[in-house]
2 protein chains.
Amino acid sequence: MFRDQGLKITPQRVSVFRVLHDNADHPTAEAVFDQIRDEMPSISLRTVYQTLHDLASMGEIRQLDLGTGSARFDPNVKSHHHLVCDKCGRVTDVHASFDGVRLPRTKLAGYRVSSTEIVFRGECPDCAGSNAVAS
Amino acid sequence: MFRDQGLKITPQRVSVFRVLHDNADHPTAEAVFDQIRDEMPSISLRTVYQTLHDLASMGEIRQLDLGTGSARFDPNVKSHHHLVCDKCGRVTDVHASFDGVRLPRTKLAGYRVSSTEIVFRGECPDCAGSNAVAS
DNA sequence: TTTCTATCTAACAACAGTTGTAAATTAGGG
DNA sequence: CCCTAATTTACAACTGTTGTTAGATAGAAA
Ligand SMILES: [Mn+2]
Ligand SMILES: [Mn+2]
Ligand SMILES: [Zn+2]
Ligand SMILES: [Zn+2]
């Protein structure tokens with residue numbers, strides 16, 4: 001799959017790919033880096049970024065910018081949406097299709113739309129649970 | 001309005017507020033800064049950021065993080081959605097309500113959702129127009 | 001109107017996330 | 001097993017944003 005693009009198969013690339021596909025929680029580049037480091041202490045953060053971008057541009061993963069401070073990387077490239085915790089930044093998949101969300105030409109303002117993302121923001125169970133609620 | 005919150009009415013605050021309300025294009029902090037500078041060359045970018053955050057926390061404006069490299073500030077606090085140009089970062093309002101976009105409890109993953117944003121990504125008219133298309 | 005002081009601004013440094021650069025390393029074809 | 005183009009690493013630099021603090025000022029009080 002790297003090979004298909006004329007890219008060499010290096011241990012660094014294999015690791016980034018594997019870590020990402022094991023990971024359901026939309027890791028940041030740093031999170032990927034930290035996880036790989038356990039087994040390959042010499043890997044550099046720069047290489048992780050490089051490889052994540054390579055994977056993204058070959059369509060194997062998606063980069064998400066959700067205002068959580070750093071980019072998230074998602075191995076799931078099928079169209080889906082996300083829940084984002086305002087408190088801790090957790091990102092959780094939403095598997096539901098909202099086919100009604102299409103813009104009529106009159107509201108397009110001349111844009112050519114290539115993707116539609118729905119972001120549900122709020123508090124994740126952990127963060128909501130830790131709120132002491134007067135009862 | 002600043003006064004309501006126990007904040008002093010300074011020329012800097014007045015300028016930020018006014019610039020934002022004149023501006024329909026979701027300016028960045030720097031864009032606000034540059035515009036104010038024309039009339040008040042001594043203002044600092046730090047003060048612009050400070051005031052934007054103050055305005056946001058008093059609910060007068062909204063901060064949007066759309067992956068365009070820097071935060072955008074929106075004087076329109078009514079619920080609405082956005083078109084975002086992947087090429088130039090332009091942000092345009094979408095005025096249409098998508099009432100169908102509610103998550104059933106079964107898909108909430110335990111989150112308490114406080115807002116729902118829909119982002120339509122693509123190319124704005126200017127960027128699409130400048131594509132030389134072989135015809 | 002002047003005084004006083006808590007608030008605010010500006011200057012500046014620092015920070016986080018990310019990207020540029022180039023020397024050293026290495027995958028993998030020959 | 002070599003060779004070399006591709007890759008990785010180290011390190012610096014960059015962008016957007018935030019922390020800090022000395023000096024300036026809004027506006028209440030006198
Ligand atoms: Mn996802
Ligand atoms: Mn808007
Ligand atoms: Zn959370
Ligand atoms: Zn554009």
Side-chain angles (χ1 to χ4, degrees), chain A residues 1-20 26-37 39-58 61-74 88-89 91, chain B residues 1-20 26-58 61-74 84 88-89 91:
Chain A
M1 173 248 322
F2 285 116
R3 194 155 16 215
D4 300 346
Q5 312 293 314
L7 298 182
K8 292 183 176 175
I9 298 178
T10 66
Q12 290 88 343
R13 282 175 173 158
V14 172
S15 289
V16 170
F17 182 81
R18 186 171 38 70
V19 162
L20 216 71
H26 308 85
T28 63
E30 285 249 1
V32 173
F33 177 58
D34 288 342
Q35 196 173 332
I36 294 177
R37 252 182 167 177
E39 300 175 341
M40 183 189 285
S42 69
I43 196 170
S44 76
L45 180 56
R46 190 67 182 86
T47 298
V48 172
Y49 273 109
Q50 209 123 262
T51 304
L52 288 170
H53 290 147
D54 291 346
L55 286 168
S57 69
M58 61 206 261
I61 66 177
R62 270 175 54 195
Q63 174 170 344
L64 306 176
D65 293 302
L66 297 166
T68 54
S70 42
R72 303 306 199 89
F73 295 89
D74 193 335
C88 70
V91 177
Chain B
M1 175 247 323
F2 285 117
R3 195 155 15 215
D4 300 348
Q5 311 294 314
L7 298 181
K8 292 183 176 174
I9 297 177
T10 66
Q12 290 88 345
R13 283 175 172 158
V14 172
S15 288
V16 171
F17 181 80
R18 185 171 39 70
V19 163
L20 217 71
H26 308 86
T28 63
E30 286 249 359
V32 172
F33 176 58
D34 288 343
Q35 198 173 332
I36 295 178
R37 253 182 167 177
D38 293 341
E39 300 175 339
M40 185 189 285
S42 69
I43 195 170
S44 76
L45 180 56
R46 190 67 181 86
T47 298
V48 172
Y49 272 109
Q50 210 124 264
T51 304
L52 288 169
H53 290 147
D54 290 346
L55 286 168
S57 69
M58 60 205 259
I61 66 177
R62 271 174 55 195
Q63 174 171 345
L64 306 176
D65 294 301
L66 298 167
T68 54
S70 42
R72 303 307 199 90
F73 295 88
D74 192 337
V84 179
C88 71
V91 177

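Below, read A as the first sequence line, B as the second, and so on, with proteins coming before strands; counting in each chain starts at 1.
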Nearest-angstrom distance from the residue atom [atom1] of [X] to [atom2] of [N]:
{"X": "A/Gln5", "N": "D/dT7", "atom1": "CD", "atom2": "P", "answer": "12 Å"}
{"X": "B/Arg46", "N": "D/dG19", "atom1": "CZ", "atom2": "C1'", "answer": "7 Å"}
{"X": "B/His53", "N": "D/dG16", "atom1": "NE2", "atom2": "P", "answer": "14 Å"}
{"X": "A/Met40", "N": "D/dT7", "atom1": "CE", "atom2": "P", "answer": "15 Å"}
{"X": "B/Arg13", "N": "D/dT25", "atom1": "CZ", "atom2": "C1'", "answer": "12 Å"}
{"X": "A/Lys8", "N": "D/dT8", "atom1": "NZ", "atom2": "C1'", "answer": "11 Å"}
{"X": "B/Asp34", "N": "D/dG16", "atom1": "CG", "atom2": "P", "answer": "11 Å"}
{"X": "B/Ile43", "N": "D/dA24", "atom1": "CD1", "atom2": "P", "answer": "18 Å"}

Open item on the list: I want to check one thing: is the phosphate of D/dT17, taken as OP1 and OP2, less than 4.0 Å away from some side-chain N or O of B/Tyr49?
Closed with: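 For D/dT17, OP1/OP2 do have a side-chain N/O of B/Tyr49 under 4.0 Å.
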
TODO: Output yes when at least one side-chain N/O atom of A/Gln12 is less than 4.0 Å from OP1 or OP2 of D/dT9, else no.
DONE: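 True: A/Gln12 side-chain N/O within range (under 4.0 Å) of D/dT9 OP1/OP2.
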
Counting the atoms with a prime plus P, OP1 and OP2 as sugar-phosphate, which does [X] contact under 4.0 Å by heavy atoms, base, sugar-phosphate, or nothing?
{"X": "A/Gln50", "answer": "base"}
{"X": "A/Thr47", "answer": "base"}
{"X": "B/Thr28", "answer": "nothing"}
{"X": "A/Ser44", "answer": "base"}

Open item on the list: Less than 4.0 angstrom from a charged side-chain N to a carboxylate O is my criterion; do A/Glu39 and A/Arg18 meet it?
Closed with: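 Judged by the 4.0 Å cut-off on N to carboxylate O distance, A/Glu39 and A/Arg18 do form a salt bridge.
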
Do the side chains of [Y] and [X] get nearer than 4.5 Å, heavy atoms only?
{"X": "A/Gln12", "Y": "A/Gln50", "value": "no"}
{"X": "A/Leu7", "Y": "A/Arg13", "value": "yes"}
{"X": "B/Phe17", "Y": "B/Leu55", "value": "yes"}

Task: A/Thr51 (side chain) donor-acceptor with A/Thr47 (main chain) under 3.5 angstrom - done: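 Indeed, once roles are kept as given, a pair shorter than 3.5 Å links the two residues.
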
TODO: Give a yes or no answer on whether the side chain of A/His26 reaches the backbone of A/Val91 with a donor-acceptor pair at less than 3.5 Å.
DONE: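 Pair found, side chain donor or acceptor close to backbone of A/Val91.
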
Open item on the list: By nearest heavy atom, map B/Pro11 and B/Gln63 onto DNA chain D; which one lands nearer the 5' end?
Closed with: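 Nearest-nucleotide comparison on DNA chain D picks B/Gln63.
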
TODO: Return the 5'-most residue of the pair B/Ala71, A/Ser42 with respect to DNA chain D, ranking by each residue's nearest nucleotide.
DONE: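 On the 5' side of the pair lies A/Ser42.
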
Task: Boundaries of the chain B footprint along DNA chain C (any atom under 4.0 Å from a heavy atom) - done: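 So the contact region on DNA chain C extends C/dA6 to C/dA11.
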
TODO: Identify, with sequence neighbours excluded, every residue that meets salt bridge (Lys or Arg N to Asp or Glu O under 4.0 Å) alongside A/Arg72.
DONE: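 Residues passing salt bridge (Lys or Arg N to Asp or Glu O under 4.0 Å) with A/Arg72: none at all.
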
